[in-house]
Amino acid sequence: MLRLLADGERHSGEALAAELGISRAAVWKQVQRLAPLDVSVDVVRGKGYRLRRPVELLDADEITVGLGKPVRNALERLDVLEEIDSTNSFLLSGPKPALGYFRVCLAEYQSGGRGRRGRTWLAPFGRGLCLSVGWQFASQPQDLAALALAAGVAARRALVTLTGLPIQIKWPNDLFVDGKKLGGILVELAAEGHGPCHAVVGVGINVSATPKLTGTPNAWAGGAVDLATAMGAQPPSRNALAHALIEALAGLLQSYADDGFSGYHAELAEADFLQGRRVDADGVVGTAIGIGADGMLLVETNAGVSKILAGDVSVRPES
Ligand code: BTN
């Protein structure tokens, strides 16, 4: 039904029923099922149905066409789902990719999208990008602790190339534009001692999801923004975004065991949103003075420089 309505044109109940091979009453029922997904359909008696805002649906072929050979050859499976609780959970609970291969899951809508530290993540149907990439390391890479930071840098690279936006990273890996949160990253690991380690890198981007993101889990105290608003123009297609993010994240995962975090550190330091700001990192209060070569946040306090390994950072008003 959504694929038929996605063009934003008006479709008669009769035509939809014929295309789908169902009754007109069943068409009406299916339209009603779209409401909880936040998809608004205009219904005009006798004339038919039309999406209030057309959506560009995700398309596996469009996403994968033109992927570089090393990435294309290592793609074990890609699922584009209309609805799922969480793309990260989908990959974590499914079979691990074989060594040297990765799996990808995208969804138009997540009913239980997850953010860092137990928060939720919202993505109205077709208005965000919800993408997870799964990979198996043969053994835990040395720089495993900084993988989530490197993933932020890889995602930023892809987004800057496609949008030209001045994207910053709020440590550890929130993607920011003009002090507002554009997207976030959730890396989840399932490891057996020092043996194989299943890593799932999840990326959530607000594409055209506002106006109501501020005050939601997708925001921070300074607010949220989506690509359409930040660019003041039509954002790139979500298929192109997915393509670029997969290329960047798969490349990261493929090389991380050998190359580690060092190739990402300089870019993270350069894009550091917290640099020079007064911060509170889970109780450590001071001035953020950069990010160490190991990925730790450096906070200068009255008692010296503290290295923060993980956590949430809020920015305090200048005093
Ligand atoms: C954060 O900023 O707290 C991280 C948000 C990560 C959201 C993405 S959307 C795709 C993937 N699936 C999830 O359930 N979460 C991540």
Side-chain angles (χ1 to χ4, degrees), residues 37-38 58 63 78-94 102-135 147-156 158-159 167-177 179-190 198-210 213-227 238 241-246 248-250 252-253 271 273-274 282 310-315:
L37 304 184
D38 215 1
L58 295 168
I63 291 170
L78 179 139
D79 286 285
V80 173
L81 309 173
E82 236 146 57
E83 182 183 347
I84 188 77
D85 54 350
S86 148
T87 54
N88 264 30
S89 307
F90 178 85
L91 288 185
L92 278 169
S93 61
F102 61 93
R103 286 181 170 235
V104 175
C105 177
L106 290 124
E108 298 286 7
Y109 176 76
Q110 290 187 140
S111 54
R114 295 188 292 112
R116 288 178 54 242
R117 309 196 107 200
R119 285 185 287 258
T120 51
W121 182 260
L122 300 176
F125 189 97
R127 308 274 163 218
L129 193 70
C130 304
L131 162 75
S132 298
V133 181
W135 172 262
L147 176 63
L149 282 75
V153 175
R156 173 180 179 270
L159 291 168
I167 298 176
Q168 290 188 296
I169 297 181
K170 174 173 174 278
W171 188 92
N173 56 14
D174 283 345
L175 301 166
F176 266 43
V177 180
K180 297 194 160 88
K181 183 160 170 172
L182 174 73
I185 288 163
L186 175 67
V187 173
E188 295 183 281
L189 303 167
H198 184 194
V200 172
V201 178
V203 181
I205 308 289
N206 307 322
V207 179
S208 54
T210 32
L213 288 175
T214 296
T216 73
N218 294 36
W220 75 305
V225 71
D226 63 19
L227 280 177
R238 292 188 308 130
L241 286 166
H243 174 104
L245 285 165
I246 291 168
L249 296 171
L252 160 73
L253 290 164
F273 168 78
L274 294 175
D282 285 338
D312 254 356
V313 182
S314 56
V315 174

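Whatever order the structure lists them in is the order used to number ligands and atoms, beginning at 1. For clarity, every value in this text was computed on a predicted model and none was experimentally measured.
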*asked:* To check your reading of the model: name the closest protein heavy atom to atom 5 (C) of ligand 1, its residue, and the distance in Å.
replied: Trp121 CE3, 3.6 Å

*Which residue holds the protein heavy atom closest to atom 4 (C) of ligand 1, what is that atom called, and what is the gap in Å?*
Ile185 N, 3.5 Å

*asked:* Using modelled atom types and a 3.5 Å cut-off, is there a donor and acceptor pairing between side-chain atoms of Trp220 and backbone atoms of Gly179?
replied: yes

*Numbered atoms and elements of ligand 1 in range of Arg114, under 4.0 angstrom, heavy atoms*: 5 (C), 6 (C), 7 (C), 13 (C), 14 (O), 15 (N), 16 (C)

*Which of these, Glu108, His243, Arg127, sits in a side-chain contact (heavy atoms from CB on, under 4.5 Å) with Arg238?*
Glu108

*Among the heavy atoms of Lys181, does any lie under 4.0 Å from an atom of ligand 1?*
yes

*Please name the residue in the list Asp85, Thr87, Leu81 that meets the side-chain contact (heavy atoms from CB on, under 4.5 Å) test with Gln110.*
Thr87

*So, is Arg119 polar-close to ligand 1, with some N/O to N/O distance under 3.5 Å?*
no

_I'd like to check which ligand 1 atoms, numbered from 1 as shown, lie under 4.0 Å from a non-hydrogen atom of Arg116._
1 (C), 3 (O), 4 (C)

_Could you measure the distance from the CD1 atom of Ile169 to the CD1 atom of Ile185? Nearest 0.5 Å is fine._
7.0 Å

*Go through ligand 1 atom by atom and flag the ones less than 4.0 Å from a non-hydrogen atom of Asp174.*
2 (O)

*Tell me, do Phe125 and Glu83 make a side-chain contact under 4.5 Å, heavy atoms counted?*
no

*asked:* Closer than 4.0 Å to some heavy atom of Gly115 - which atoms of ligand 1 meet that?
replied: 1 (C), 3 (O), 4 (C), 5 (C)

*Considering the heavy atoms of Ser86, write down every atom of ligand 1 situated less than 4.0 Å from one of them.*
12 (N), 13 (C), 14 (O)

*Number the atoms of ligand 1 from 1 as they appear, then name those within less than 4.0 Å of a heavy atom of Leu131, with their elements.*
10 (C)

*Under 4.0 Å from any heavy atom of Gly113, which atoms of ligand 1 are there?*
14 (O)

*Please list, chain by chain and in numerical order, all residues satisfying salt bridge (Lys or Arg N to Asp or Glu O under 4.0 Å) with Arg116, sequence neighbours excluded.*
Asp312

*On the 0 to 90° scale, with breaks at 30° and 60°, tag the Phe273-Phe176 ring pair as parallel, tilted or perpendicular.*
tilted

*How far is atom 10 (C) of ligand 1 from its nearest protein heavy atom, and which residue and atom is that?*
Thr87 OG1, 3.2 Å

*State which residues pass side-chain hydrogen bond (donor to acceptor under 3.5 Å, both in side chains) with Asn88; sequence neighbours excluded, sorted by chain then number.*
Ser132, Glu188

